[in-house]
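The next block holds one structure in the form of C-alpha cells; read it before the comments.
Hydrogens, waters and symmetry mates are skipped; everything else that's a heavy atom, side chains included, is used.
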Amino acid sequence: MSRRRVYSQDTLSIMKRFFDAVEDCRKNKLITSYTDFCRDNNIDKAHFYTQRKDLNSGFFEVGWLCPLIDMCGVSAYWLMTGKGNMFNK
C-alpha cells in the first residue's frame with residue numbers, strides 16, 4: 001500500500017484534469033471502460049480507483065497521462081496547465 005502524500009496544488013490540479021479527461025473519453029467512447037483502460041495501459045485498477053477517490057492516496061503516476069495523449073488525442077498542454085482545449089484539434 002502506498003503512503004499518503006501531500007501533493008502540491010499544481011499536482012492535484014493535473015490529477016483532477018486527468019480524471020476529468022478519462023471520464024470525457026469514456027463518455028465519448030474513446031475509452032470503453034475504466035477497467036479496459038487500466039488493463040490496456042498496465043495501470044493497476046485498484047490504484048486507479050483509489051487515486052480517483054482520494055487524490056492524496058499516493059498511487060498516481062505521470063505515465064498514466066500518456067495513453068490519453070497518444071490514443072485519445074487529449075492535449076498534453078491542457079493536462080499540465082489547464083489552458084486551451086482538452087482535446088487536440
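Of the charged side-chain nitrogens involved, at least one lies within less than 4.0 Å of a carboxylate oxygen, so that Asp36 and Arg39 count as a salt-bridged pair.
Nearest heavy-atom pair across Val74 and Trp78 is CG1-CE3, 4.2 Å. Contact detail for Leu12 and Asn56: the closest heavy-atom pair is CD2-OD1, 3.7 Å. When every heavy atom of Leu65 is checked against every heavy atom of Met80, the shortest pair comes out as CD1-SD, 4.1 Å. Smallest separation of non-hydrogen atoms from Thr35 and Lys45: OG1-CD, 3.7 Å.
Under the 4.5 Å side-chain criterion, counting only non-hydrogen atoms from C-beta, Leu30 is not in contact with Asp24. For the pair Asp40 and Pro67, the minimum side-chain heavy-atom distance is 4.5 Å or more. In this structure the side chain of Cys25 reaches within 4.5 angstrom of the side chain of Phe87, judged on heavy atoms. Inter-residue side-chain proximity for Phe19 and Phe48 is flagged as met; some heavy-atom pair is nearer than 4.5 Å. A 4.5 Å side-chain heavy-atom check between Gln51 and Trp64 finds at least one atom pair inside the cut-off. Residues Asp20 and Lys16 meet the side-chain proximity criterion, which asks for heavy atoms closer than 4.5 Å. For the pair Ser75 and Asn85, the minimum side-chain heavy-atom distance is 4.5 Å or more. Taking 4.5 Å as the limit, every side-chain heavy atom of Tyr49 sits out of range of all side-chain heavy atoms of Phe59.
The OG atom of Ser13 sits 9.5 Å away from atom CG of Leu55, with the distance rounded to the nearest 0.5 Å. Taking CD1 of Ile31 as the reference point, atom CG of Leu68 lies at 5.5 Å (rounded to 0.5 Å). A distance of 12.5 Å separates SG in Cys72 from CZ in Arg26, rounded to the nearest 0.5 Å.
Crowding of Met71 atom CE: a count of heavy atoms from other residues, nucleotides or ligands under 6.0 Å exceeding 12.
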How far apart are the C-alpha atoms of Ile43 and Phe37, what are their side-chain angles, what is the distance that settles it, and do they pass the side chain to side chain contact (heavy atoms under 4.5 Å, CB included) test?
CA-CA 8 Å; Ile43 298 170; Phe37 176 75; 3.7 Å; yes
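In summary, the aromatic rings of Phe18 and Phe60 are positioned with their centroids under 6.0 Å apart.
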